[in-house]
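First the proteins, then the strands, lettered A, B, ... as listed; each starts at 1.
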There are 4 protein chains.
Amino acid sequence: MPTARSPNPARRSERARLAILKATLDLTLRHGFTELTIDAIAARAGVGKQTIYRWWPSKGAVAAEAIMQATLPRVRLQDTGDFVADVRTQLRSMVQLMGDARFGPRIAELMGAALLDRSLAKWMIERVVVPLREKNRQHIARATQRGLVHATDEDVLADVLFGPLWFRLLVSGASLDIAYADAVLDVVLSGVGRDRDRPPARRARGGPRTR
Amino acid sequence: MPTARSPNPARRSERARLAILKATLDLTLRHGFTELTIDAIAARAGVGKQTIYRWWPSKGAVAAEAIMQATLPRVRLQDTGDFVADVRTQLRSMVQLMGDARFGPRIAELMGAALLDRSLAKWMIERVVVPLREKNRQHIARATQRGLVHATDEDVLADVLFGPLWFRLLVSGASLDIAYADAVLDVVLSGVGRDRDRPPARRARGGPRTR
Amino acid sequence: MPTARSPNPARRSERARLAILKATLDLTLRHGFTELTIDAIAARAGVGKQTIYRWWPSKGAVAAEAIMQATLPRVRLQDTGDFVADVRTQLRSMVQLMGDARFGPRIAELMGAALLDRSLAKWMIERVVVPLREKNRQHIARATQRGLVHATDEDVLADVLFGPLWFRLLVSGASLDIAYADAVLDVVLSGVGRDRDRPPARRARGGPRTR
Amino acid sequence: MPTARSPNPARRSERARLAILKATLDLTLRHGFTELTIDAIAARAGVGKQTIYRWWPSKGAVAAEAIMQATLPRVRLQDTGDFVADVRTQLRSMVQLMGDARFGPRIAELMGAALLDRSLAKWMIERVVVPLREKNRQHIARATQRGLVHATDEDVLADVLFGPLWFRLLVSGASLDIAYADAVLDVVLSGVGRDRDRPPARRARGGPRTR
DNA sequence: GCGTAAGCGAGACGGTACGTCTTGTCTTCTG
DNA sequence: CAGAAGACAAGACGTACCGTCTCGCTTACGC
């Protein structure tokens, strides 16, 4: 059996790689992920199909890389010591990205593709989700230690913060804007239970609306 | 011009309808949604492909109907007056469904298909999401009026409650169990902000376990 | 394992069948067999590729059928009782076909394809060679019985008559015309040995074996 | 403009040349010509593909050279003065080669490849057919002059002698053995016509020319 | 109670995209 | 600096399903 030699990344053609990612981004933004085909990418990039299959396992992986490359830098992750402000910044940047008519739907489609293709999901998790999650977890852990928030399972806290955003993007389709990000943060910080003695007006702390 | 006459539901064959849903459910649970094909459904149901296309717009729609029919009754929606208990019950039932190894992945795949197929999404929203959402919204509105929770946008509250569940099912893949449902409810009721005077652990880690 | 159901010939579309053969003949005559592709046939015939694969095992088989259909009727097989005249007629008609600039090269290419594809060879032999050979063999047998020719293995006689024609078409590439057909027949009837008075064919069964 | 410089044969690596021919022969004998690929030859010979393309125009040419080199020496061409014996020797040696299960099929495949690739045919004709044919033609001419055989077009005589062998190898697939070689020679020397005493001018009997 | 229109099982059809394969060229590295 | 290694562009291959269509057959309504 001729062992399925894997290609040598050192000899990879940077020209081809860039052309493929560019073509993929263009086609995806223009026509959507579903219309995207490997043939079209190859044709537009002036590249053989094999060259795509050599370096990516599926069209989803190519699109994921292309989209991530264009969007991830726009997610603002920072750790200034002011946990609430940091989280607010991150939530706002995410909500702006997800709410962007050019990118939001593409991200949703990518998630859809990943949900239907276990190997794509794995590919995306390894390269995107894990690093991001780790960063957030540490951030939250630090905040908890310093007493900035009540102790909770960090994962639960992250889920409660980011889950609602993904819920709107993927499930309900409701609008995503900065007010929403702030509202979510507000609820998570203060809770909605009635047995509270502190002044309810805290919610106004929403910070400066940027939009 | 022969107008594209739509079929007459009165003459629809109940035998065929049931056979199709049964075959679809069997095939989906056994091999997953991605492996499912219209041809396979038709073959297993002993039905012509045209009969499927006559009554459903796509394989996603058939699968959606089959899966929903098998799972929706297991979501417990109630309005006893005790808002927190009601929500806890609903969250727990949802978490149990989503965490079920047979159904969770299928629901996720269905969502994936819907994310990639706008018309399927529409079909599912009309027949599933809207009624459910309305019920929840009214429930929350009633609770707010009665002062059971602090006033908030009902949608935000719903998102914060259910978003984390969907987040785990669709995005992070983390485990879904009753403890998680309770933890989410806990955070949402009390918040995690530090300026609190009430006793931290009060809310009892979840009340009576239902399983 | 889903047994590879074979299609039902009764439901075969005559329209598609004819369109495919016509397209194949056109393309082959115009561009040659090597340039022929299944894609091109499908496109020109207005037919799905699968429809071709459903009824023919390879492009060679389609081309064989198309070419045979156009050429076989031009081979004149007759049995008038005058063996020599019959054979001369057949040789001449074959030589005219093989020498025809439109068909000769195509026939040669088909033979080439068959030589490289055992299954195509089998397909062609079953549907063309066997029936033809049988006819010739009977013809020769009858002639031998009636004493029209000296007794010989019928196969050898057929080989000596037709072999030279195929030799020119496939191997030497030398010209094929009626004079050549007659010359071959001539040699086969009279032989070229110089001692024409010795008793017929028994001659020697081979001389010294070299191995 | 960088003229398409052709390689300098003087600097050709003999090691590479031999390795390529050896690898080709091995692979062809083991798996057949159709399975042969340039990549496989290169890999097995431990040679770059470019090195093959530099010296041969196609895989057919490499295979032709490899096969010819292994088989041609086994064809016995001699001119002892006894024309019939010489021809018999040659026919027998050819029949043994063609009938050899290792080589016969490869020779047939090579012919097939040549029939589908005009340039390969040209390459083979130049390097193999022409020299061989010339030898045979001279041989026959000499025999005719000396009256060993009745005068005939030398080409026709050669065709009648060798055509049947190629016919069996390429077309009918019937068995090739020494008895067959002798039978062919037999028929060609004596003919099969029944009136063996008629005048040699019989060629005029050609009947009405139809073209 | 009979004709007719529709739904039905079956499956061939035109078509799209897939992922693989081989070819012949181009690029990079190594002895 | 020639040769090995192998990535590259190109494009045909055969497969899998798609959604439509055309067949007879059965079913049930309406005259």
Side-chain angles (χ1 to χ4, degrees), chain A residues 4-5 7-17 19 35-40 42-43 45-55 57-59, chain B residues 4-5 7-17 19 35-40 42-43 45-55 57-59, chain C residues 2 4-17 19 35-40 42-43 45-55 57-59, chain D residues 7-8 11-13 15-16 19 35-40 42-43 45-54 56-59:
Chain A
R5 324 201 46 348
N8 177 356
R11 308 193 54 174
R12 181 168 187 184
S13 156
E14 185 67 4
R15 190 193 60 68
R17 198 191 123 252
E35 304 301 311
L36 188 69
T37 67
I38 294 271
D39 288 83
V47 137
K49 287 203 289 173
Q50 192 75 151
T51 302
I52 300 178
Y53 285 113
R54 190 159 18 237
W55 304 110
S58 64
K59 78 161 183 173
Chain B
R5 45 167 47 280
N8 177 356
R11 306 192 59 171
R12 180 169 187 184
S13 156
E14 184 66 3
R15 190 193 62 68
R17 198 191 123 252
E35 303 302 311
L36 189 68
T37 67
I38 294 272
D39 287 83
V47 135
K49 287 203 290 173
Q50 191 69 231
T51 303
I52 301 178
Y53 283 112
R54 197 166 4 246
W55 303 110
S58 64
K59 80 161 185 175
Chain C
R5 325 241 318 62
S6 68
N8 177 356
R11 307 193 54 175
R12 181 169 186 183
S13 157
E14 185 66 4
R15 191 191 62 67
R17 199 191 122 251
E35 303 302 311
L36 188 68
T37 66
I38 293 269
D39 289 83
V47 136
K49 285 203 290 174
Q50 193 64 61
T51 303
I52 301 179
Y53 286 113
R54 201 175 351 254
W55 303 110
S58 63
K59 80 161 183 174
Chain D
N8 177 356
R11 310 192 59 171
R12 181 170 186 182
S13 155
R15 191 195 63 68
E35 303 302 311
L36 189 68
T37 65
I38 295 269
D39 288 84
V47 137
K49 288 204 291 173
Q50 196 64 238
T51 304
I52 301 178
Y53 282 113
R54 205 179 342 259
W56 289 273
S58 64
K59 80 163 183 174

>> Let me spell it out: for each of C:Ala43 and D:Thr37, pick the nucleotide of DNA chain E with the closest heavy atom. Which residue's pick is nearer the 5' end?
In response: C:Ala43
> Taking CD1 from D:Ile38 and P from E:dG24, how many angstroms apart are they, rounded to a whole number?
Replying inline: 7 Å
>> What contact category does D:Trp56 fall into here, base, sugar-phosphate, or nothing, at under 4.0 angstrom with non-hydrogen atoms?
In response: nothing
> Can you find a pair of side-chain heavy atoms, one from A:Arg54 and one from A:Thr51, that are under 4.5 Å apart?
Replying inline: yes
> Which heavy atom in D:Gly48 sits nearest to a heavy atom in D:Ala42, and how many Å separate them?
Replying inline: C-CB, 4.3 Å
>> Without decimals, in angstroms, what is the distance between C:Arg12 CZ and F:dC21 C1'?
In response: 18 Å
> Which heavy-atom pair separates D:Val47 from D:Ala16 by the least distance, and what is that distance?
Replying inline: CG2-CB, 4.0 Å
> Quick one: on DNA chain F, does D:Arg54 or C:Asp39 contact a more 5' nucleotide (nearest heavy atom)?
Replying inline: D:Arg54
>> Run the side chain to side chain donor-acceptor pair (under 3.5 Å) test against C:Trp55 and tell me which residues pass, sequence neighbours left out.
In response: none
> Looking across every strand, which nucleic acid part, if any, lies under 4.0 Å from D:Arg15 by heavy atom: base, sugar-phosphate, or nothing?
Replying inline: sugar-phosphate
>> By nearest heavy atom, map A:Arg17 and B:Lys59 onto DNA chain F; which one lands nearer the 5' end?
In response: A:Arg17
> Quantified as the angle between the terminal helix axes (five pairs each), what is the overall bend of the helix from E:dG1-F:dC31 to E:dG31-F:dC1 to 10 degrees?
Replying inline: 10°
>> Within this structure, what is the NZ-OG1 distance for the pair D:Lys59 and D:Thr37, rounded to the nearest 0.5 Å?
In response: 7.5 Å
> On DNA chain E, nearest-nucleotide positions of A:Glu35 versus B:Trp55: which is more 5'?
Replying inline: B:Trp55
>> In whole Å, I'd like the distance from the CG atom of C:Asn8 to the P atom of E:dC13.
In response: 10 Å
>> From CG of D:Leu36 over to C1' of E:dT22, roughly how many Å is that when rounded to an integer?
In response: 12 Å
>> I need the A:Ile52 CD1 to A:Ile38 CD1 distance, nearest 0.5 Å.
In response: 5.0 Å
> For A:Tyr53 and F:dA9, what is the distance between atoms OH and P respectively, to the nearest whole Å?
Replying inline: 15 Å
> Would you say a side-chain N or O of A:Ser13 is under 4.0 Å from OP1 or OP2 of E:dT27?
Replying inline: no
> For E:dG14, does OP1 or OP2 lie under 4.0 Å from any side-chain N or O of C:Thr51?
Replying inline: yes
> Of the non-hydrogen atoms in B:Ala19 and B:Ala45, which two are nearest, and what is the gap between them?
Replying inline: O-CB, 3.6 Å
> Going 5' to 3' along nucleotides 22-31 of chain F, which nucleotides have protein heavy atoms under 4.0 Å from the base (write B), which only from the sugar-phosphate (write S), and which from neither (write -)?
Replying inline: B----B----
>> Can you measure D:Lys49 atom NZ to F:dC8 atom P for me and round it to whole angstrom units?
In response: 13 Å
> What integer distance in Å separates A:Ile52:CD1 from E:dT20:P?
Replying inline: 13 Å
